[in-house]
Visitor: 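Let me begin by handing over the structure; questions about it come next.
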Amino acid sequence: MSEIPERFHAMQLERSGKPLRKITRSISELHSDEILAETLACGVCRTDLHILDGEIPSTAYPIVPGHEVVGRVLAIGNDVTGFTIGERVGIPWLGHSCGRCRYCRDSRENLCDQPEFTGCTRDGGYASHIIANAQYCFAIPERFSDAEAAPLLCAGLIGWRAMRMIEAAQRIGFYGFGASAHILAQIAAWQGREIYAFTQPSDTEGQAFAMEMGCVWAGGSDQIAPDELDAAIIFAPVGALVPAALKAVRKGGRVVCAGIHMSDIPGFPYADLWGERSIVSVANLTRTDGTEFLAAADRSGIIPTVDIYPLSQANKALKKLRDGHVNGAAVLVPDFDV
C-alpha cells in the first residue's frame, strides 16, 4: 500500500491559452465526506481543450485539469461510507451538487444550480494524487485496466446519457468519432443497433477505425448516409453539424448535442425541423447514469482503445487530441516521483 505523502505533483493550467506546467503543492486536509486517491490513470477529454481555451466560463484558474480519473484510495474522511482503503475508484466530471435546488430535489443533479466540476472548479486528475467527494465517485469493474477505465468516466458516461435520450432508436448517426463515439458504438452493437459514423471528410483513418468498432457505415460529414436515420448524436463541437444531422433523421427523429461546448448553430429552414423532429442537449451526468453505465460496460464486453502518455507529456497529448490524431482515447499515467 502506498504511503500518504505530504505533497503531490500535477500539471496545472495557470490561465486560458497557456500550456500546462508542472507544480508541486501540499495535500489539503480531507473534509469528512472526501477521499484521497493516488492517481492511476486520467483520460484526456475534449472538455479539457475547452477549459484550456477559456470556453467554459466557470473554470477556476489556476486549475489542475482532468475528470476521467481512476485512482486507488489512500485515505477516507470520517463520514465516508461505501469505499475502503486500497479500493480502486473512478472520479468523474460532476464533483458535487448542492442537494437543495429544484433540480437536485428532482433527481436531476446534472442540472444543479451550484455544482462543482472535477478539473474545472476543483482540481482534477492531471496529478499524482486527487481529493474527491466520495458521494460522486464510482467503483470500477475489475475487468478494465486503469487506462481502459479512465475514458469510461466521461466519454462513456456522456455517450450513455446521450443514448438514453434517443430511447429505442435503431439507426443512429454519430457525428464525430472520438473517445465517446468509439465506446458507444461498441455498446450500440451489443444492443443490436446500427451506427453510421460521420467524420471529417478527409479522415479515412477515422472512418476505418469506426468500422472496426462495429459501425455499419462510415463516411465524411459532407456525405449522406445510405439509410434514413432514426436519431443522431453530435459529439464534435461543431454547430454546423446540427442542420446536417436534422436533414439525415426521419420524421419524429431526434438530434442530440452531446458536448459541453459547441460553436454557434447556423440558421436552417424550418422545413428541416418540421415533422416533429427535435434537438436536445446533454448536460453533465447523474450518479445513476454512472452506476448504470459502468454495469452495462462491464456486461457488454467492450474494450476501450487507449493511447497512453506520461503525465509529464500532458501538453503533447492535448495537442494530439486537438489535431485529431487520437483514435479512441488518450490517457495520462503519472510519472513524477513524489
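Along the sequence shown, residues carry numbers from 1.
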Visitor: Can you classify the ring geometry of Phe117 versus Trp93 as parallel (below 30°), tilted (30 to 60°) or perpendicular (above 60°)?
Guide: parallel
Visitor: Taking a hydrophobic cluster as the set of Ile, Leu, Val, Met, Phe, Trp and Tyr residues connected by side-chain heavy atoms closer than 4.5 Å, whether directly or through intermediates, do Leu20 and Ile23 fall within one such cluster?
Guide: no
Visitor: Same hydrophobic cluster for Leu157 and Leu184, using side-chain heavy-atom links shorter than 4.5 Å among ILVMFWY?
Guide: yes
Visitor: Using side-chain contact (heavy atoms from CB on, under 4.5 Å) as the criterion, point out the one residue from Val242, Ile233, Val280, Leu241 that pairs with Cys257.
Guide: Val242
Visitor: Is it true that, when you exclude Glu292 itself, more than 12 heavy atoms of the residues, nucleotides or ligands shown sit nearer than 6.0 Å to its CD?
Guide: yes
Visitor: For residues Val44 and Leu49, determine if any side-chain heavy atom of one lies less than 4.5 Å from a side-chain heavy atom of the other.
Guide: no
Visitor: Say whether, by atom type as modelled, one donor and one acceptor occur between the side chain of Thr39 and the main chain of Ala127 under 3.5 angstrom.
Guide: yes
Visitor: Please report the closest heavy-atom contact between Ile234 and Ala236, naming both atoms and the distance.
Guide: CG2-O, 3.3 Å
Visitor: Is there a path from Leu321 to Val331 through hydrophobic residues (I, L, V, M, F, W, Y) whose side chains come within less than 4.5 Å of each other?
Guide: no
Visitor: Under a 3.5 Å distance rule, please check whether Ser128 uses its side chain to pair with a backbone N or O of His9 as donor and acceptor.
Guide: yes
Visitor: How long is the straight-line distance from CZ of Arg105 back to SG of Cys112, given to the nearest 0.5 Å?
Guide: 11.0 Å
Visitor: Heavy-atom count around Leu273 CG within 6.0 Å, excluding the residue itself: above 12?
Guide: yes
Visitor: Does a side-chain heavy-atom distance below 4.5 Å link Ile195 with Met213?
Guide: no
Visitor: Would you say Ser97 and Tyr103 are linked by a side-chain donor-acceptor pair, where the criterion is simply a distance under 3.5 Å?
Guide: no
Visitor: Within the 4.5 Å heavy-atom criterion, are Leu36 and Phe8 side-chain neighbours or not?
Guide: no
Visitor: Can you tell me if CG on Asp222 sees more than 12 non-hydrogen neighbours from other groups inside 6.0 Å?
Guide: yes
Visitor: Counting heavy atoms not belonging to Gln114, are there more than 12 under 6.0 Å from its CD?
Guide: no
Visitor: I need the minimum non-hydrogen distance between Gly328 and Phe209, along with the two atoms involved.
Guide: N-CE2, 3.4 Å
Visitor: State whether the side chain of Asn133 and the backbone N or O of Gln135 hold a donor-acceptor pair below 3.5 Å, judged by distance alone.
Guide: yes
Visitor: Heavy-atom count around Leu30 CG within 6.0 Å, excluding the residue itself: above 12?
Guide: yes
Visitor: Counting only N and O atoms by type, is there a donor-acceptor contact under 3.5 Å from the side chain of Asp79 to the main-chain atoms of Asp33?
Guide: no
Visitor: State yes or no: do Met163 and Phe177 share one hydrophobic cluster built from I, L, V, M, F, W and Y residues joined by side-chain heavy-atom distances below 4.5 Å, directly or via other members?
Guide: yes
Visitor: Checking side-chain contact (heavy atoms from CB on, under 4.5 Å) for the pair Ile35/Val89: CA distance, chi angles, key distance, verdict?
Guide: CA-CA 10 Å; Ile35 61 171; Val89 64; 4.1 Å; yes
Visitor: Quick check: does any side chain N or O of Glu87 sit under 3.5 Å from a backbone N or O of Thr84, one acting as donor and the other as acceptor?
Guide: yes
Visitor: State, with a plain yes or no, whether a side-chain heavy atom of Asp230 is found less than 4.5 Å away from one of Arg250.
Guide: yes
Visitor: For atom NE2 of His31, is the number of surrounding heavy atoms from other residues, nucleotides or ligands below 6.0 Å larger than 12?
Guide: no
Visitor: Is atom CZ of Arg143 surrounded by more than 12 heavy atoms (other residues, nucleotides or ligands) closer than 6.0 Å?
Guide: yes
Visitor: For Phe198 and Trp217, I'd like to know if the aromatic rings sit close, meaning centre-to-centre distance below 6.0 Å.
Guide: yes
Visitor: Do NZ/NE/NH1/NH2 and the carboxylate oxygens of Asp323 and Lys319 come within less than 4.0 Å?
Guide: yes
Visitor: Please tell me if the side chains of Glu228 and Arg171 come closer than 4.5 Å, counting only heavy atoms from C-beta onward.
Guide: no
Visitor: Check step by step if side-chain contact (heavy atoms from CB on, under 4.5 Å) holds for Tyr136 and Arg287.
Guide: CA-CA 7 Å; Tyr136 296 80; Arg287 284 168 285 182; 3.7 Å; yes
Visitor: Less than 4.0 angstrom from a charged side-chain N to a carboxylate O is my criterion; do Asp146 and Arg72 meet it?
Guide: no
Visitor: Between Asp335 and Ser312, is there a donor-acceptor pair closer than 3.5 Å when you use the side chain of the first and the backbone of the second?
Guide: yes
Visitor: For the CD1 atom of Ile260 and the CD1 atom of Ile56, what is their distance to the nearest 0.5 Å?
Guide: 4.0 Å
Visitor: Indicate the atoms forming the closest heavy-atom contact of Leu285 with Arg161, along with that distance.
Guide: CA-CD, 4.3 Å
Visitor: Do Ile279 and Met262 land in one hydrophobic cluster if side-chain heavy atoms of ILVMFWY residues count as linked below 4.5 Å?
Guide: yes
Visitor: Is any side-chain heavy atom of Asn327 closer than 4.5 Å to one of Asp307?
Guide: no
Visitor: Of the non-hydrogen atoms in Ser26 and Arg7, which two are nearest, and what is the gap between them?
Guide: OG-NH1, 3.2 Å
Visitor: Are any side-chain N or O atoms of Glu68 and backbone N or O atoms of Ala155, one a donor and one an acceptor, separated by less than 3.5 Å?
Guide: yes
Visitor: Is it true that, when you exclude Glu205 itself, more than 12 heavy atoms of the residues, nucleotides or ligands shown sit nearer than 6.0 Å to its CD?
Guide: no
Visitor: Within the structure provided, determine whether Met11 and Leu332 are in side-chain contact (heavy-atom separation under 4.5 Å).
Guide: no
Visitor: For the backbone of Gly214 and the side chain of Gln186, can you confirm whether one donor and one acceptor N or O come within less than 3.5 Å of each other?
Guide: no
Visitor: With distance as the sole test, does Arg193 use its side chain to make a donor-acceptor pair with the main-chain N or O of Ala169 at under 3.5 Å?
Guide: yes
Visitor: Could you please spell out the steps behind the side-chain contact (heavy atoms from CB on, under 4.5 Å) verdict for Ile85 and Leu74?
Guide: CA-CA 6 Å; Ile85 303 298; Leu74 297 182; 6.0 Å; no
Visitor: Using the rule given for side-chain contact (heavy atoms from CB on, under 4.5 Å), can you reason through Asp289 versus Arg164, listing the C-alpha separation, both sets of side-chain angles and the distance that settles it, and then say yes or no?
Guide: CA-CA 9 Å; Asp289 292 329; Arg164 288 179 59 192; 2.3 Å; yes
Visitor: What heavy-atom pair brings Phe235 and Gly176 nearest, and what distance separates the two atoms?
Guide: CD1-O, 3.7 Å
Visitor: Less than 4.5 Å apart, any side-chain heavy atom of Asp48 and any of Tyr126?
Guide: yes
Visitor: For Ala225 versus Tyr196, what's the shortest heavy-atom pair and its separation?
Guide: CB-CD2, 4.2 Å
Visitor: Can you tell me how far apart OG1 (Thr47) and NE2 (His67) are? Round to the nearest 0.5 Å.
Guide: 4.5 Å
Visitor: To the nearest 0.5 angstrom, please state how far the OG1 atom of Thr199 sits from the OH atom of Tyr175.
Guide: 11.5 Å
Visitor: To the nearest 0.5 Å, what is the distance between CG on Leu111 and SG on Cys101?
Guide: 8.5 Å
Visitor: How long is the span from the NE2 atom in His182 to the CD1 atom in Ile187, to the nearest 0.5 Å?
Guide: 11.0 Å
